[in-house]
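Report on the following structure.
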Amino acid sequence: MNSLPELFAMDGHGPYVWSAYAITFAVLALNVIQPWLAHRRLVSVEARRRRREAE
Amino acid sequence: MNWSFFHKLGSPKWFYDISGRWLPWFAVATVLLLGIGIVWGLFFAPQDYQQGNSFRIIYIHVPAALVAQSCYVMLAAAGIVTLVWRMKLADVALRCAAPIGAWMTFIALVTGAIWGKPTWGTYWVWDARLTSMLILLFLYFGIIALSQAISNRDTSAKATAVLAIVGLVNIPIIKYSVDWWNTLHQPATFKITEKPAMPVEMWLPLLLTVLGFYALFTVSLLMRMRLEVLRREHKTRWVRDALEKAK
């Protein structure tokens with residue numbers, strides 16, 4: 001483990017390791033972001049509905 | 001034993017309040033455990049003497065596979081609670097956990113395939129461990145499809161619960177597949193009865209990422225369940241108040 005490019009090359013195993021980590025990170029992020037966005041959407045839809053009812 | 005918590009779980013409002021208090025702590029635990037575990041595993045853990053650096057995929061592969069299977073056991077448990085006690089929240093948990101379990105199975109399969117190429121020389125073999133994990137993915141698909149196919153909520157809850165319980169038979173098959181059949185897959189990394197066959201600086205980061213994956217699973221599950229509870233109860237007074245505050 002010396003220079004940065006060497007570190008990322010991982011003795012030729014770099015493409016395997018990094019692609020596995022990239023896919024995993026994307027899927028994990030999706031699983032948190034998706035319900036968060038849906039929650040925000042629900043809050044705004046309900047707020048609009050209530051405003052309409054109040055008028 | 002005090003069972004009052006079990007009855008409180010029947011109340012969506014109680015669940016919404018308590019899960020809202022837990023959520024930040026699980027989120028912090030997720031970031032810390034995954035952050036430390038992954039950096040340690042990628043850059044500081046020693047190389048494997050046979051597999052070189054490709055073994056570093058273990059720090060995401062094993063946690064994903066563990067959570068994928070635990071999640072299925074949780075679905076079956078939620079299914080039993082749905083059928084026996086007719087607890088609505090158990091049905092909510094079952095529905096919300098199924099997609100997360102499917103994604104975890106997907107991660108385990110994909111990272112396993114990528115790890116297989118430099119280690120076994122192939123992305124995929126039809127051996128017992130890989131095939132039973134693929135069946136787990138299809139079981140998750142079946143549960144997701146069934147839970148959305150029936151519009152009557154009670155019938156849908158019952159059917160989904162039964163499928164989740166029947167599919168439980170696959171879990172011991174996955175677990176013991178590496179012992180029962182000849183397979184390319186290496187045996188279990190962690191056993192309850194024995195010390196791991198790896199040095200501490202290799203398995204400690206793995207323990208951290210395993211706990212991190214469970215924490216992330218909990219965060220995602222609670223977020224989805226809270227959303228589903230709000231949707232189901234959107235006409236009630238407490239949901240209006242909760243949404244008012246969230247704005």
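Note that these values count all heavy atoms, side chains included, but never hydrogens, waters or copies made by symmetry. Letters A, B, ... mirror the listed sequences (proteins, then strands); counts begin at 1. Note that the structure is a prediction, hence the values are computed from the model and not measured.
Using a 4.5 Å cut-off between heavy atoms, B:Ile57 touches chain A through backbone and side chain atoms alike. Interface remark: B:Leu221 contributes no atoms to any contact with chain A (heavy atom separation under 4.5 Å). Heavy-atom distances place the backbone of B:Gln51, and not its side chain, under 4.5 Å from chain A. Contacts of B:Ile100 with chain A are made by both backbone and side-chain atoms, with heavy-atom separations under 4.5 Å. No part of A:Arg41 comes within reach of chain B, as not one of its non-hydrogen atoms sits under 4.5 angstrom from that chain. Interface remark: B:Arg240 contributes backbone and side-chain atoms alike to the contact with chain A (heavy atom separation under 4.5 Å).
Counting heavy-atom neighbours within 6.0 Å of B:Trp124 CH2, excluding the residue itself, gives a total above 12. Within a 6.0 Å radius of CZ in A:Arg40, other residues, nucleotides and ligands contribute 12 heavy atoms or fewer. Shown here is B:Trp238, whose CH2 atom has more than 12 heavy atoms of other residues, nucleotides or ligands within 6.0 Å.
Counting only heavy atoms from C-beta outward, the side chains of A:Ile33 and B:Met223 never approach each other to under 4.5 Å. Under the 4.5 Å side-chain criterion, counting only non-hydrogen atoms from C-beta, A:Leu42 is not in contact with B:His234. Using a 4.5 Å heavy-atom cutoff, the side chains of B:Trp115 and A:Val17 are not in contact. A 4.5 Å side-chain heavy-atom check between B:Leu42 and A:Met10 finds at least one atom pair inside the cut-off. Using a 4.5 Å heavy-atom cutoff, the side chains of B:Leu230 and A:Val43 are not in contact.
Sorted by first then second residue, the ring pair (Phe, Tyr, Trp, His ring centres under 6.0 Å) pairs that include residues 17-55 of chain A, not counting sequence neighbours, are A:Phe8-A:Trp18.
Shown here for A:His13 and B:Ser54, the closest heavy-atom pair between the two residues is ND1-N, 3.2 Å. B:Leu227 and A:Ala38 get closest at one heavy-atom pair: CD2-CB, 3.3 Å. Here the closest heavy-atom approach between residue B:Ile114 and residue A:Ile23 is recorded as CD1-CD1, 4.0 Å.
With hydrogens and angles disregarded, no donor-acceptor distance shorter than 3.5 Å links the side chain of B:Thr111 to the backbone of A:Ala20.
Of the listed residues (A:Asn31, A:Leu28, A:Val27), just one forms a side chain to side chain contact (heavy atoms under 4.5 Å, CB included) with B:Met104, and that residue is A:Leu28.
Of all the listed residues (B:Phe55, B:Tyr59, B:Phe217), the one sharing the greatest number of non-hydrogen pairs under 4.5 Å with chain A is B:Tyr59. Between chain A and the options B:Ser220, B:Pro118, B:Ala113, the largest number of non-hydrogen pairs under 4.5 Å is found for B:Pro118.
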- Residue pair B:Phe213, A:Thr24: steps toward the side chain to side chain contact (heavy atoms under 4.5 Å, CB included) verdict: CA-CA 11 Å; B:Phe213 266 68; A:Thr24 302; 3.9 Å; yes

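Evaluation of the salt bridge (Lys or Arg N to Asp or Glu O under 4.0 Å) rule for B:Arg232 yields B:Asp91, B:Glu228 as partners, not counting sequence neighbours.
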